[in-house]
Amino acid sequence: MIRIARFFQSLSGKIISMSIGGMVALAVALGTVTVWKLSGLTEQYEIENVGRIVSQNAEQFNFMLKRSEFAVTHATNMLYRMADSPAAIEDPATLTQLEHHVATAFEDAVGELAPVTSYYVYYLDEGAGKAGSLCYTRDARTGSFRRSWHKTPTGDEANVPAYRDQVDEVVASGEARWSEPYYSTNQHRYLITYTVPLFSDGKVVAVGGIDLNFLDLIRQVDAIHFFETGRAVLVDPSGTRFYTEGVPLGAPSTDYGYQPVGNADVESVERNGHVIRYAHNAEKYDAVCAPLRNGIRVMGIAPQGELYTRMQKIILQFLALFVLVEIPFFILSAMLGRHINHRITGLVRAADRIAAGDYHVVIEDDHEDGLGRLAQAFNIMTERVRGALDQMRHMARYDALTGILNRAGLDAALQEWQRDCANERAALISLDIDGFKFINDLYGHAAGDETLRALARDLTACFPGRHIVGRNGGDEFTVLLVDVSEAQAEEMIRSLHLRKKRFTYEGAAHDYTISIGYAYHPGHGLTMTRLFHQADMALYAVKMEGKNHFLRYHEAMEDMDRSSLGFNLRDVTEQLPNALLACSADEKTRILYANSEMLRLAECGTPEELMEFTQGRALNLIHPADRDAIGRELFAQAAAEKKKSLRYRIQGRKGTIHSVCDIRKAVTSHAYGKVAYVCLVETDLCDPV
């Protein structure tokens with residue numbers, strides 16, 4: 001007893017105790033849930049099985065009804081083609097030929113459909129019949145069809161349904177239809193009839209019909225069985241009236257002892273996939289329905305007791321199998337206790353090393369069991385953590401948009417170079433994209449992103465190997481050329497400047513330019529901070545000289561008046577009292593830029609509204625009455641490269657008209673070709689006070 005107590009106090013014993021207790025609890029919970037779910041699924045499966053049997057038989061019956069419908073339609077169509085009016089068949093020879101063809105058409109279409117008892121064509125003549133009417137009835141002994149009547153039905157033949165209510169309903173509605181079950185005193189049978197109207201000049205002049213033995217259909221349905229006492233029955237559309245061989249015309253379900261449970265109607269059941277519940281002799285029945293083409297339903301009725309018998313057997317088999325599986329598990333748990341203890345100890349040691357940050361630990365456990373898979377999972381986890389850390393380190397150092405070093409990665413790379421190679425000759429380059437905000441405003445940020453990626457590709461292509469290339473942020477980039485002479489540095493930078501810089505957006509290629517400033521490090525006497533300052537000063541000098549160029553730092557740049565650099569293009573253009581507009585100097589007059597005063601004159605709140613209002617063309621701002629003449633004058637000026645002010649009217653988005661004076665200058669842009677810079681001044685502001 002003491003040894004047993006010690007065993008259960010050990011890790012192995014605790015594992016076994018927890019395993020056994022957990023499995024018992026799990027077994028009870030899993031068994032309960034499984035039995036509950038299995039019972040529901042089994043019940044659903046059995047109900048669906050009954051439904052499939054009912055549907056399959058209903059399809060067979062519907063095929064027979066459809067063939068009957070086709071027979072009538074085929075024969076009446078043939079009749080219409082051969083004689084489209086009663087007067088056309090008064091000739092006896094024509095009548096004989098017509099009867100032969102119609103009878104042949106009927107019998108060919110009907111084939112071996114045993115329930116078909118008769119077919120007929122009846123011409124109307126003010127409700128009293130016509131000489132062309134005919135009827136063929138199947139002989140009960142020989143099975144062949146013989147003619148019952150030829151002219152207007154008289155006497156007992158007048159009881160055929162085509163001469164009674166069914167004819168009146170079809171004539172009134174003008175539509176083919178199936179009759180409800182009825183008894184024919186003419187044929188001494190219970191029938192259902194399909195009647196089709198025949199039109200002439202938009203009026204029903206005849207009807208064609210076919211009779212089916214309803215008792216045959218009832219007997220075929222009665223032959224369908226489910227389980228031991230389950231049965232099938234024909235019911236009316238409401239599901240409350242049963243058609244049986246004893247009562248072919250139907251009787252309430254309660255007459256047979258079937259009392260509906262609940263208020264679900266048959267159509268709702270068929271639409272929503274539910275079942276109908278009946279009570280009969282203190283036993284409950286489940287029923288499913290399938291519709292027939294004549295409106296009657298085939299209903300399968302299965303007793304719940306027999307329905308659940310199979311389900312109970314399956315559940316008992318499952319419980320027995322579950323118990324047999326649990327017993328060996330308990331025995332196996334006790335046998336593997338010590339072995340598990342040793343392997344778990346190894347896992348704990350490995351987990352401690354991983355917790356200490358050692359992600360290179362590898363657990364040697366190749367067993368194909370749970371602990372072995374756990375060890376493999378540990379190995380996979382550490383490998384993925386190592387990969388994730390590497391990815392995080394990469395994301396921390398590299399720019400997600402361009403793939404080159406980001407600001408943090410650039411700082412780290414420069415620090416490493418300064419630590420290891422501070423005496424090495426180098427050149428520090430600062431550069432940015434000319435008019436980058438304009439690219440974003442004109443084409444959108446997606447185009448701006450593509451421009452940044454294109455420049456990053458150019459930089460890595462021009463400065464491969466040990467050279468350090470990074471993006472500071474926005475459109476600012478930094479490059480450190482390592483182990484280069486002054487001449488080599490200038491040549492490499494010149495090569496970058498002369499390189500055709502282009503980005504592609506929405507299938508179109510666009511050129512752009514960059515400004516480059518750089519400082520040379522001879523290998524001593526300069527700190528990284530000083531190098532950045534010098535490269536920054538050189539870049540500003542390039543900006544002051546008109547961009548799209550490169551300059552090396554020299555001391556004279558320190559005396560440069562940088563106060564002017566405090567004003568940017570936006571500050572200047574937005575504060576001017578005049579409307580400024582930049583557009584292409586060609587017939588397209590594509591708008592490239594507009595300041596806020598221009599937006600005010602055009603009565604637009606945003607550049608997007610201006611582009612939408614003008615369709616992107618500056619010429620569309622001119623009043624329609626002045627547009628053609630002013631347009632010709634502007635193009636003539638551009639072609640002759642003359643400067644001349646023009647006066648004309650512009651019309652805003654809301655219809656306001658302004659008289660303006662147009663002063664413009666055309667220049668050639670590296671990025672946009674020939675561009676017209678336009679200054680518009682309202683003429684009333686120019687009038688003397």
Plane angle bin for H510 and Y443 - parallel if under 30°, tilted between 30 and 60°, otherwise perpendicular: tilted

Roughly how far apart are [X] [atom1] and [Y] [atom2], rounded to 0.5 Å?
X	Y	atom1	atom2	result
L581	Y677	CG	OH	11.0 Å
L410	L405	CG	CG	6.0 Å
R471	L452	CZ	CG	5.0 Å
I514	D432	CD1	CG	8.5 Å
L531	I429	CG	CD1	11.5 Å
C462	H497	SG	NE2	12.5 Å

Can any side-chain N or O of [X] pair as donor or acceptor with the backbone N or O of [Y] at less than 3.5 Å?
X	Y	answer
T460	A456	yes
T451	A447	yes
T504	G507	no
N578	E597	no
E609	G605	yes

Locate the shortest heavy-atom distance separating [X] from [Y]; write the atom from each residue and the value.
X	Y	result
A461	P464	O-CD, 3.8 Å
Y518	A427	CD1-CB, 4.5 Å
N406	G409	OD1-N, 2.7 Å
F550	E490	CE1-CG, 4.4 Å
Y512	I433	CD1-CG2, 4.0 Å
A454	F503	CB-CB, 4.1 Å

Would you mind listing every side chain to side chain donor-acceptor pair (under 3.5 Å) that reaches into residues 476-487, with sequence neighbours excluded? N472-T478, S485-Q488, E486-R552

Could you work out, with side-chain contact (heavy atoms from CB on, under 4.5 Å) as the rule, every residue matching [X], not counting sequence neighbours?
X	result
I663	S645, C661
Y648	I622, D626, I630, L646, I650, V660, D662, R664, L680
V482	W417, E424, R466, H467, L480
A602	C604, L610, L621

I'd like to check the side-chain hydrogen bond (donor to acceptor under 3.5 Å, both in side chains) partners of [X]; sequence neighbours left out, ordered by chain and number.
X	value
E603	T656
N620	none
R499	D458
T402	D399

Report yes if the side chains of [X] and [Y] come closer than 4.5 Å at any heavy-atom pair, otherwise no.
X	Y	answer
L496	R494	no
D586	F635	no
L599	T606	no
H549	T513	no
Y520	R425	yes
F477	V469	no

Taking it one step at a time, do L601 and E682 satisfy side-chain contact (heavy atoms from CB on, under 4.5 Å)? CA-CA 9 Å; L601 285 179; E682 292 184 81; 3.6 Å; yes

Determine whether more than 12 heavy atoms belonging to other residues, nucleotides or ligands lie under 6.0 Å from atom CD of E416. yes

Test side-chain contact (heavy atoms from CB on, under 4.5 Å) on V542 and I516; report intermediate values, then the result. CA-CA 7 Å; V542 174; I516 307 170; 5.9 Å; no

Any residue meeting salt bridge (charged side-chain N to carboxylate O under 4.0 Å, His left out) with D628, in chain and number order, not counting sequence neighbours: none

Qualifying residues under salt bridge (charged side-chain N to carboxylate O under 4.0 Å, His left out), relative to R617, sequence neighbours excluded: none

Is a salt bridge present between D434 and K543, judged by a nitrogen-to-oxygen distance below 4.0 Å? yes

Would L539 and S515 satisfy side-chain contact (heavy atoms from CB on, under 4.5 Å), going step by step from the backbone distance to the final call? CA-CA 7 Å; L539 177 61; S515 296; 3.8 Å; yes

Please determine whether side-chain contact (heavy atoms from CB on, under 4.5 Å) holds for the pair Y398 and I404, giving the CA-CA distance in whole Å, both sets of side-chain angles, and the decisive distance to 0.1 Å. CA-CA 5 Å; Y398 290 89; I404 62 177; 5.7 Å; no

Pairs involving residues 444-455, ordered by first then second residue, that meet salt bridge (Lys or Arg N to Asp or Glu O under 4.0 Å) (sequence neighbours left out): E450-R453, E450-R457

One pair to check against salt bridge (charged side-chain N to carboxylate O under 4.0 Å, His left out): D511 and K501. What are the steps and the verdict? CA-CA 6 Å; D511 294 332; K501 286 168 281 295; over 6 Å; no

